[in-house]
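Positions are given from 1 along the sequence. Order of appearance sets the numbers: ligands from 1, and atoms from 1 within every ligand. Note: hydrogens, waters and symmetry copies are ignored here, and every other heavy atom, side chains too, is used.
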Amino acid sequence: MSKYTLVIHGGAGTILKQEITDEQESAYRKGLEDALDTCYVLLENGGTSLDAIRAAIVSMEDNILFNAGRGSVFAKNGSQEMDASIMDGRTLRAGAVCAVRNIRNPVELAYAIMNQSPHVMLNGQGAYEFATLHGIKTEPDDYFYSAFRHDQWKQMQGSDESALDHNVSVTSKKFGTVGAVALDQHGNMAAATSTGGMTNKQWGRIGDSSIIGAGTYANNRTCAISATGHGEPFIRAVAAYDVSCLIEYKGMSLHDAMHLVVHDKLLRLDGEGGMIGVDAGGNTAMIFNSEGMYRGMRSSDGVNEIAIYK
Ligand code: ASP
């Protein structure tokens, strides 16, 4: 049996130990652990990397602590618009949604688009209609609301600024765009990312999380990557695909390729954030240039890790 492994993230940013209470820290650790538990068992039982990462993302989208699905951040007009994408490294098929509202699990909609439509990406109302026609769960606005995110938005309302949810200063911080990558027992890799985007963003703004090659990429020949951070530089750097290219065309290792993109290419564009990755040999990496990144990994050779700070 070949090695199988799974890596997840719950967002990167100014995550400082001194600003987080023990209670908050354990809540985030538990959120990451729940996601790892849910999807690792699928991998253990011979399930596919695609099913494992979907399960991990759904678990975090349903958790109000993370900025994805329930608990997403607010845009300038007070709406909650979400982006998500998923990619299958075996076939290079992909699905994505951007600026969708009222979709309980945007990753499931992205998956349905990948499997049940000739398209890769749908947005807004058209995506919503597709969701209702394909049995994807929807929820009323109240479901997505969290007082904490609302307070974050209130601090920025009226300004032209937008911020990573982790960087808005408030007493009780909550963080997190979510992502997952996996390699299964059959040697197939997959990646997915889901987010509410950046607090006080212009509504209609689309971030890297829904863009194949920027926030998400998977290719069995190279690696699977999910990114988190300030979306615009990640789009301009085509960050996730760049890691794959450095491996494919330059023969770099996963770690070195991710390190170059995160600590050199992205920083030159003021791109704060990080990414998680796995390669065909089951090597993994979790690399960020911010103060912290919620992250965790588990693999068949006994690695089981959850971390937050540098
Ligand atoms: N990358 C996301 C975006 O720009 C935000 C994040 O990762 O927290 O929409």
Verdict with supporting geometry, E25 and R29, salt bridge (charged side-chain N to carboxylate O under 4.0 Å, His left out): CA-CA 6 Å; E25 186 175 320; R29 283 184 175 273; 3.3 Å; yes
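- Residue contacts with ligand 1, taken as heavy atom pairs separated by less than 4.0 Å, do not involve M82 at all.
- Ring to ring, Y294 and H9 are not that close: their centroids are 6.0 angstrom or more apart.
- Polar contact check, G231 against ligand 1: a nitrogen or oxygen pair lies under 3.5 Å apart.
- Contact atoms of ligand 1 toward G197: 9 (O) (distance under 4.0 Å to a heavy atom of the residue).
- For the pair T177 and ligand 1, the shortest N or O to N or O distance falls below 3.5 Å.
- R298 and N304 share a side-chain donor-acceptor pair at under 3.5 Å.
- Proximity to T228 (heavy-atom distance under 4.0 Å) selects the following atoms of ligand 1: 6 (C), 7 (O), 8 (O).
- Using a 4.0 Å cut-off to heavy atoms of S209, the atoms of ligand 1 that qualify are 1 (N), 2 (C).
- Between R205 and ligand 1, a contact under 3.5 Å exists for at least one N or O pair.
- Defined by atom type and a distance below 3.5 Å, a donor-acceptor pair is present between the side-chain atoms of E61 and S194.
- For ligand 1 and D208, the ligand atoms under 4.0 Å from any heavy atom of the residue are 1 (N), 2 (C), 3 (C), 4 (O).
- Any N or O atom pair closer than 3.5 Å counts here, and G229 shares at least one such pair with ligand 1.
- Residues S85 and T193 have side chains that never bring a donor and an acceptor to within less than 3.5 angstrom of each other.
- Between F234 and H230, the distance separating the two ring centers is not shorter than 6.0 angstrom.
- In this structure, R54 forms a cation-pi arrangement with Y111, its terminal cationic atom sitting closer than 6.0 Å to the ring centre and no more than 45° off the ring axis.
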